[in-house]
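Note sheet for the following structure.
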Amino acid sequence: MDMQTSFLDRLFESGLLIDTGVDGLYGRSGQFEDVIAAFERLIDRFGGADGAEAMRFPPGMNRALFEKSGYMKSFPQLAGTVHSFCGSELDHMSLLQCMEVGDDWTKDQKATDIVLTPAACYPLYPTVAKRGNLPANGGLFDLQSYCFRHEPSKDPARQQLFRMREYVCMGTEQHVTDFRQSWMDRGVEMMKQVGLDVTIDVANDPFFGRAGKMMVNNQRDQNLKFELLIPITSSANPTACMSFNYHQDSFGVKWGLNLEDGSVAHTACVGFGLERIALALFHHHGLDVKEWPASVRRVLWG
Ligand code: ATP
Ligand code: ZN
Ligand code: MG
């Protein structure tokens, strides 16, 4: 049995994660949730004075806006769409018949207007664009959402439905790159306060296919994405627990996000993988929170 399976098994045995029979789809215990809540309060303490506007979207987004985002060009392998039965009574009878004999009953399901949110910031850009030009000091937003990615895995740190806390900044190039740098510094400091050793490295998104290779190279060459990495299932391949993304003016152009003077906004977002951070804490300090170092407990629970 490899290390990865055994950490997942220990999480199941301790009850911190609850097996649903699907890789990457887990229930969480009250204790697990309490760690996430405490860590989110720590995030609030670091980011709270910046005056970000909080918004919370459900874990599904408008399909038309998802289509416009270009997600299917870049990450078709990760997307999750919501389909429903939209037929007549006769169709219902053949649906039940189909299920009865074990045929594929899902093929006649129709796409709804909703797709599962792939990253917490996706619903934000069109929402802000609708308001008109940004104010003189740009925009700063605080988001949290369950996100879906179709990447089933036995690695407990790679889930299909997980929560992402994000701050998103809109403004000039200087403004948003300063924002990104300040959160890289804060991220390192926060993790230090909770006793976790981190590294920061340049990274890329998993762009699909041969055309995606060029996007990967471009993203890395231009330092558009950094990750804060913490060992969870392997010390050789530490896990990205935060990401720091500079989109240049690409989202500004796509969504029509403009600054007060009418110029196109640059954007950046910083994401915390909340389950991953909780898992890093459990991996490093042990599965019993009562046994965690006093200093870490004080930072999280006062
Ligand atoms: P990875 O490189 O591990 O695939 P990512 O680069 O795709 O992650 P982002 O798109 O930057 O991740 O998402 C922001 C944050 O959300 C990540 O830094 C990570 O902490 C968290 N995250 C991403 N994918 C998952 C997942 N499948 N399960 C749990 N957390 C995730
Ligand atoms: Zn984002
Ligand atoms: Mg990555």
Side-chain angles (χ1 to χ4, degrees), residues 4 8 11 17 22-26 28 32 36 39 43 52 55 57 59 61 69 71 74-75 77-80 116-128 139-170 176 179-180 183-184 187 190-191 196 198-208 212 215-216 219-220 224-234 237-247 250-251 254-255 257 266-281:
Q4 188 158 297
L8 181 59
L11 290 161
L17 291 188
V22 177
D23 289 343
L25 182 72
Y26 308 120
R28 299 88 162 74
F32 192 92
I36 289 192
F39 195 86
I43 299 173
M55 286 188 211
F57 291 94
M61 68 177 286
S69 78
Y71 197 81
S74 298
F75 314 110
Q77 77 281 17
L78 299 176
L116 298 176
T117 305
C121 63
Y122 270 65
L124 177 72
Y125 306 104
T127 302
V128 174
L140 182 64
F141 303 93
D142 163 351
L143 305 168
Q144 197 254 52
S145 177
Y146 258 102
C147 298
F148 175 85
R149 295 185 185 178
H150 184 235
E151 44 184 2
S153 170
K154 296 276 185 207
D155 178 353
R158 188 166 299 285
Q159 305 192 358
Q160 299 200 65
L161 275 158
F162 59 94
R163 274 158 293 177
M164 205 186 283
R165 177 80 181 268
E166 280 199 57
Y167 285 101
V168 181
C169 184
M170 304 176 181
V176 309
F179 155 87
R180 183 172 72 152
W183 273 109
M184 285 203 250
M190 291 168 82
M191 299 307 175
L196 296 173
V198 309
T199 51
I200 289 201
D201 204 357
V202 67
N204 63 267
D205 290 312
F207 293 102
F208 185 77
M215 314 274 281
V216 165
Q219 197 179 28
R220 296 186 83 94
L224 297 183
K225 184 182 185 83
F226 289 94
E227 288 175 340
L228 179 151
L229 306 155
I230 310 178
I232 300 181
T233 36
S234 141
N237 293 303
T239 300
C241 291
M242 289 182 72
S243 75
F244 311 88
N245 308 281
Y246 173 40
H247 316 122
S250 62
F251 288 5
K254 179 182 300 289
W255 297 109
L257 292 163
H266 285 235
T267 62
C269 69
V270 169
F272 294 82
L274 296 176
E275 283 75 12
R276 285 188 180 179
I277 291 167
L279 291 169
L281 287 163

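Counting starts at 1 for both ligands and their atoms, in listed order.
Here the shortest heavy-atom distance to atom 24 (N) of ligand 1, taken over Phe272, Phe162, Phe226, belongs to Phe162. In the candidate list Gln159, Arg276, Met242, Arg149, Arg276 is nearest to atom 3 (O) of ligand 1, counting heavy atoms. Of the candidates Ser153, Pro118, Ala240, the one placing a heavy atom closest to atom 17 (C) of ligand 1 is Ala240.
Side-chain contact between Leu228 and Phe244: present, with at least one pair of heavy atoms (C-beta onward) separated by less than 4.5 Å. In this structure, Met191 and Ile277 have side chains that are in contact, with non-hydrogen atoms separated by less than 4.5 Å.
Test Phe57, Tyr71, Phe148 against Tyr122 for ring pair (Phe, Tyr, Trp, His ring centres under 6.0 Å) and you get one pass: Tyr71.
The number of protein N/O/S atoms found under 2.8 Å from the Zn ion (ligand 2) is 3.
Only the backbone of Ala157 comes within contact range of ligand 1, with a heavy atom under 4.0 Å; no side-chain atom does. Contacts with ligand 1 closer than 4.0 Å are made by no heavy atom of Gln160, backbone or side chain. Both the backbone and the side chain of Ser243 come within 4.0 Å of ligand 1, judged by heavy-atom distances. Neither the backbone nor the side chain of Glu275 comes within 4.0 Å of ligand 1, counting heavy atoms alone.
Atom CD of Gln160 and atom CG of Leu116 lie 10.5 Å apart (nearest 0.5 Å).
Under the rule for a ring pair (Phe, Tyr, Trp, His ring centres under 6.0 Å), the partners of Phe251 that lie at least two apart in sequence or sit in another chain are Tyr125, His247.
A donor-acceptor pair is defined here as one N or O able to donate and one able to accept, closer than 3.5 Å; such a pair exists between the side chain of Arg276 and the backbone of Ala240. Between the side chain of Glu275 and the backbone N or O of Arg163, at least one donor-acceptor pair lies under 3.5 Å. Side-chain N or O atoms of Arg149 include none that pairs as donor or acceptor with a backbone N or O of Phe162 at under 3.5 Å. The backbone N or O of Pro206 lies less than 3.5 Å from a partner atom in the side chain of Gln77, making a donor-acceptor pair.
Between the side chains of Asp201 and Thr199, no donor N or O sits under 3.5 Å from an acceptor N or O.
Residue contacts with ligand 1: Asn204 is placed with no nitrogen or oxygen under 3.5 Å of a nitrogen or oxygen of the ligand (distance criterion only).
The six-membered or imidazole ring of Phe141 lies away from that of Tyr167, with a centre-to-centre distance of 6.0 Å or more.
Remark: ligand 1 atoms within the under-4.0 Å shell around heavy atoms of Arg158 are 1 (P), 3 (O), 4 (O), 27 (N), 28 (N).
For Cys241, the heavy-atom gap to ligand 1 drops under 4.0 angstrom.
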